[in-house]
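Working notes, beginning with the structure itself.
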Number of protein chains: 2
Amino acid sequence: MRNKILEQAIRLFGSSGFEGTSIQTIADAVGIKKPSLLYHFNSKAKLRDEVYKHLFDHWKSELPKLLATTSEDPFGSFIKALVEYFQDDPNRSKIAVREMLDRPEFVRKVISEELRPWVKLVSDYIRMGKQSGVVVEDIDPESYIILVIMMVIGTVAVGDVLSSLVVQENIDTDKVIIEELKRIGRKALFKKS
Amino acid sequence: MRNKILEQAIRLFGSSGFEGTSIQTIADAVGIKKPSLLYHFNSKAKLRDEVYKHLFDHWKSELPKLLATTSEDPFGSFIKALVEYFQDDPNRSKIAVREMLDRPEFVRKVISEELRPWVKLVSDYIRMGKQSGVVVEDIDPESYIILVIMMVIGTVAVGDVLSSLVVQENIDTDKVIIEELKRIGRKALFKKS
DNA sequence: CCTACCGATCGGTAGG
DNA sequence: CCTACCGATCGGTAGG
């Protein structure tokens, strides 16, 4: 039951936002009464925290594995894992973006404590590539990483909306945007690509 | 008075979202009573529409001018204008992102009708550069444009949050991210840069 | 997990 | 532009 509630909360918080979703609506979607929902999660705020935690925990366990893997194309495999996770349920990136807008201080604190060491690892790795001559010299590793993450999350969260700047119907526009994202990322990172 | 209401609505919709902002809160911020606000804007939905229209109208008038200007660095001047507009009041990009999440169908319709011709112009321009040999061959112009816009809006809307992936205090992180954004954009667009 | 109920706040109207 | 007021819905509790 608890998981069924979390599932519907993720879906509804993603499409309508936290303030735009009442616990009544979530309870209806699950098929229970409001007080029953509040038995599992003591308050709406508590439910939000657990939704957030649920989505975040994936990366706390997955990132170490991902960055430890040796691959002949570390860039490609990292982007692929990032895209796959968010594309698997677009509500994940929608919630991520919404949280950054709704609770900037909270998100800042969390990613600063939990994710920064890993970003440091990647930026050091880029700096090494710079010294060994495979990475372009004028890159700013930290900004580069932030912008790539921004493109990935942005594409999955609102890419279908922005793609109407370009085409009427949009089946699979995501795929071609992701391909271009990889091309841009590579071109801006490597000397030869 | 009407403008004072719009001003506060933009500020509050930006920071707390449409559903997260009551007309009471807006009225308080302006210093009038709720029914007085509803005299100027008949309903909350109507107020949202006018806020949206107010922000959008800028581009309907500015884009033609911007794209008609001949410059020795069209890329640089375009990015600069885009960044300056959004940075002038970060609530603009926050509202843009929020609208894409909250009302995807509506935003899709609006940008499809109003902005698509201009994006077509830019993508044709990129294609010309491709033929004349100054632009890289493997670019997908439409996806490229979408991703650049995504980076700009993303940087202004949530760049300060994501920058905590990298630094503790963030004064002027925006500026260095925007510089890296331009570098990435150029590198992925031009053969020589 | 439910019924019954709470005060507070929501968007909005009547009427001046 | 205000006072006074509306029904509906909000998050949440008591009690079984």
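Excluded from the calculations below are hydrogen atoms, water molecules and symmetry mates; all remaining heavy atoms, backbone and side chain alike, are included. Chain letters run A, B, ... following the sequence lines, proteins first, then strands; residues in each count from 1. Source: prediction; values computed, not measured.
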Separation of dC1(C) C1' from R2(A) CZ (nearest whole Å): 16 Å
S15(B) backbone acceptor or donor facing R98(B) side chain under 3.5 Å: yes
Value in whole Å for how far the P atom of dT9(D) lies from CD1 of I23(B): 16 Å
Under-4.0 Å side-chain N/O to phosphate OP1/OP2 contact, S22(A) with dC10(D): yes
Residue H40(A) excluded, over 12 heavy atoms near NE2 under 6.0 Å: yes
Those residues that, when tested against K33(A), pass side chain to side chain donor-acceptor pair (under 3.5 Å) (two or more places apart): none
Rounded distance in Å - NZ (K46(A)) to P (dT13(D)): 14 Å
Gap between atoms CZ and C1', on R48(B) and dG11(C) respectively (whole Å): 13 Å
Rounded distance in Å - CZ (F41(A)) to P (dC1(C)): 11 Å
Closest nucleotide among dA14(D), dA14(C), dC10(D) to the P35(A) side chain: dA14(D)
Parallel, tilted or perpendicular: ring planes of Y144(A) versus F75(A), cut at 30 and 60 degrees: tilted
Atom-pair distance (CG on D28(B); C1' on dC10(C)), nearest Å: 14 Å
Touch class at under 4.0 angstrom, heavy-atom based, for T25(A) against every strand present: nothing
5' priority, DNA chain C, between K34(A) and H40(A) [closest heavy atom]: H40(A)
Nearest listed nucleotide, side chain of K44(B), among dG12(C), dG11(D), dC2(C): dG12(C)
Contact under 4.0 Å: S36(A) side-chain N or O vs dC2(C) OP1/OP2: yes
Other residues, nucleotides, ligands: >12 heavy atoms within 6.0 Å of K130(B) NZ: yes
Distance test, side-chain N/O of S43(B) to OP1/OP2 of dG11(C), below 4.0 Å: no
Which nucleotide in dC2(D), dC1(D), dC10(D) has an atom nearest any side-chain atom of M1(B): dC1(D)
Closest nucleotide among dC10(C), dC2(C), dG11(D) to the Q24(B) side chain: dC10(C)
Integer-rounded Å distance: dA14(C) P and Y39(B) OH: 16 Å
Separation of dT13(C) P from N42(B) CG (nearest whole Å): 8 Å
Nearest-neighbour nucleotide for the L38(A) side chain, dG12(D), dG11(C), dC2(C) considered: dG12(D)
Base paired to dC2(C) (Watson-Crick or G-U; both N/O distances under 3.5 angstrom): dG15(D)
